[in-house]
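Just so it is clear: chains get the letters A, B, ... in the order the sequence lines come, proteins before strands, and each one is counted from 1. Quick note: numbers below take in every heavy atom, side chains included, and nothing from hydrogens, waters or symmetry partners.
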Amino acid sequence: MNVFHHFRDRVLAAVGTLQAAGRLPADLDLSRVVVEPPRDPAHGDLSSNVAMVLAKPARSNPRALAEMVAGALADGEGVVAVEIANPGFLNLRLTPAFWRERIRDVLRAGTAYGDSAMGQGRAVNVEYVSANPTGPMHIGHARGAVVGDALAALLEKAGYAVTREYYINDAGGQVDVLAASTHMRYREALGEEIGAIPEGLYPGDYLRALGEELAAQDGDRWLAAPTEEWLPVFRRRAIDGMMALIRDDLQALGVRHDIFTSERSLVDSGAIERALEVLEARGLLYTGVLEAPKGKQPDDWEPRPQTLFRATQSGDDVDRPLRKSDGSWTYFAADIAYHFDKFRRGFATQIDVWGADHGGYVKRMQSAVAAVTGGEAALDVKICQLVNLMDDGEPVKMSKRAGTFVTLREVVDAVGRDVVRFIMLTRKNTETLDFDLARVREQSKDNPVFYVQYSHARAHSVLRHAREKLAAADLSPAALAGVQLDGISDPAELVLIRQMAQWPRIVESAAEAHEPHRIAFFLYDLASSYHMLWNKGKDDASLRFLVRDDENLTLARLALVQAFALVIASGLRVFGVEPVEEMRA
RNA sequence: GCACCCGUAGCUCAGCUGGAUAGAGCGCUGCCCUCCGAAGGCAGAGGCCAGGGGUUCGAAUCCCUUCGGGUGCGCCA
């Protein structure tokens, strides 16, 4: 049960009754009515703004309206008291018995607890990573990868049909540079002294293996061949090699995609022409001359006519070029075709996860999506701010040239996949994130991964002890769901239950906002409530989970503990993090 | 010059799409282990939500503006 939906329905039913009785106008907009947990627990268990939102259209005052609704709710099931507070809040207090039943909800659902039908099976496309295939992934890529992956999982949990997609930028000039760099390594592998890698080419060691592989397979047949001959071959092989590298990195992170779409295949298939025809037909293409940007004038600026997209018509600041001076398509042109292609594949909702350096690109892409789909598709872009790699408070200096470049793989090997994933989700995407190699391995409270995992391990520690002491009892979640729960009554226990009952609500709000980080904070708070309860048991032996000579109470508390562990596991599952049952020593 | 993002406790950050007396961790002060894992917990101090206008029953949240920091600005992707 989603407690908040349940009571919103009951509040609306009460309003409906009052409408039927002619005590409220029939035509009220109820969309802004919410039921939520009050910020201050002293205000009760649930709070509704119904009276304040409806007062004006009902030509009443909040208090009077609240009195009416309260009267219709007061003797409802599970309700102890309905109170009307200051500006017109309607505050509900629920019976402990009502809250105890939520334990059963969790135990029956397992890690599927929190699943929502909100998405109604609607198709959503999430595109993430899309790193250029020119080398291995670094820590910055990892953030986008994890955010995209977790967002996809979150949307699935909220009932959307999600497709996870990777766009391979294999059509631009960069892959030619990659091919040339690979050719140098190939010559090197054949014994040639190549010296330093020239400026402008990729110096990375990771191309050595590729050069050697090509030398071993093809011998020296490309050594004296003209560039036009070896370039396409090396380009293809290099892209494949780099994508293999990236796929390995993604696998190490546990990030997966359903579809990899190649920019080059789009170009070759004529998809760009098709997309631009649509824009042409809508009168959104023209030939014009752009003004140089003020303030930062490029040295080689020359005004010249080019094919432009009327991006200003749908929210962008300037119209955007679609062709380079050599006649080939700009990246933007291909990207329009790509998003149009996604639309034609049935995605009216598209989400792109990009790096911070692409912030200036958002408006034009949204403008293009609106234009090319006639406003039928919407694009949301999540810009991930930079990741600062630190070690015990000191920034880790990274420079590709100096060879102090830290790859994602090295970080994953050092601290573990789950740690990387969780930490990447502990900040809102718009905030920069410090990733401290020393701190994330710390086993203390200020390391959220540890703190959450520790709470889960503690819960399983209790269950392990219980299995020893109550060897005869069935302690599976299904069995615990049928246990007598009356003994659960301590305020700290009820706090924990109330918090678990928020999980379905957190899923929906985080999914709606496209903000997976909210789950990290929820899990931290939930873990905190558990640690608190645990500690109360240290001060007061009667609150310990395993109660000597009282098997009924013990079973009830085990049900609570098991439910808690399941909610934590359910949240970690969205993050793609494995909940641990025991902390390593 | 323009656009986008950010500005909340000494530090790092939440703040549930406009709700009640603005929260957490770190750091600081003082407490709690014969006992299911103290790798934890409790209590205290700490705020003009960058400044100024506006919208309304109600603003950290929405709009305008000023200041400060970051990112980007045709033929890179």
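Following rounding to the nearest Å, Lys428(A) (NZ) and rC6(B) (P) show an atom-to-atom distance of 7 Å. Rounded to an integer number of Å, the gap from Arg544(A) CZ to rU34(B) P is 12 Å. In this structure, the CZ atom of Arg439(A) is 9 Å from the P atom of rG27(B), given to the nearest Å. The separation between Asp316(A) atom CG and rG74(B) atom C1' is 13 Å, rounded to whole Å. Rounded to whole angstrom, the span from the CD atom of Glu302(A) across to the C1' atom of rC75(B) amounts to 11 Å.
Considering only the side chain of Tyr524(A), rA24(B) comes nearest among rG41(B), rA24(B), rG15(B). The side chain of Lys363(A) approaches rC4(B) more closely than any other nucleotide in the set rG19(B), rC4(B), rU17(B). Ranking rC76(B), rU17(B), rC6(B) by closeness to the Gln174(A) side chain, first place goes to rC76(B).
Note: Ser130(A) OG to Glu165(A) CD = 8.5 Å, rounded to the nearest 0.5 Å.
Remark: rG23(B) base-pairs with rC13(B); criterion is Watson-Crick or G-U wobble with both hydrogen-bond distances under 3.5 Å. Applying the Watson-Crick and G-U wobble criteria (two distances, each under 3.5 Å), rG7(B) pairs with rC67(B). The partner of rC73(B) is rG1(B), by the rule that a Watson-Crick or G-U pair needs both atom distances under 3.5 Å.
Taking the O4'-C1'-N9-C4 or O4'-C1'-N1-C2 dihedral as appropriate, rC4(B) has a value more than 90° from 0 and is therefore anti. Here rU17(B) is in the syn range [glycosidic angle within 90° of 0].
For rC35(B), the OP1/OP2 oxygens have no side-chain nitrogen or oxygen of Lys538(A) closer than 4.0 Å.
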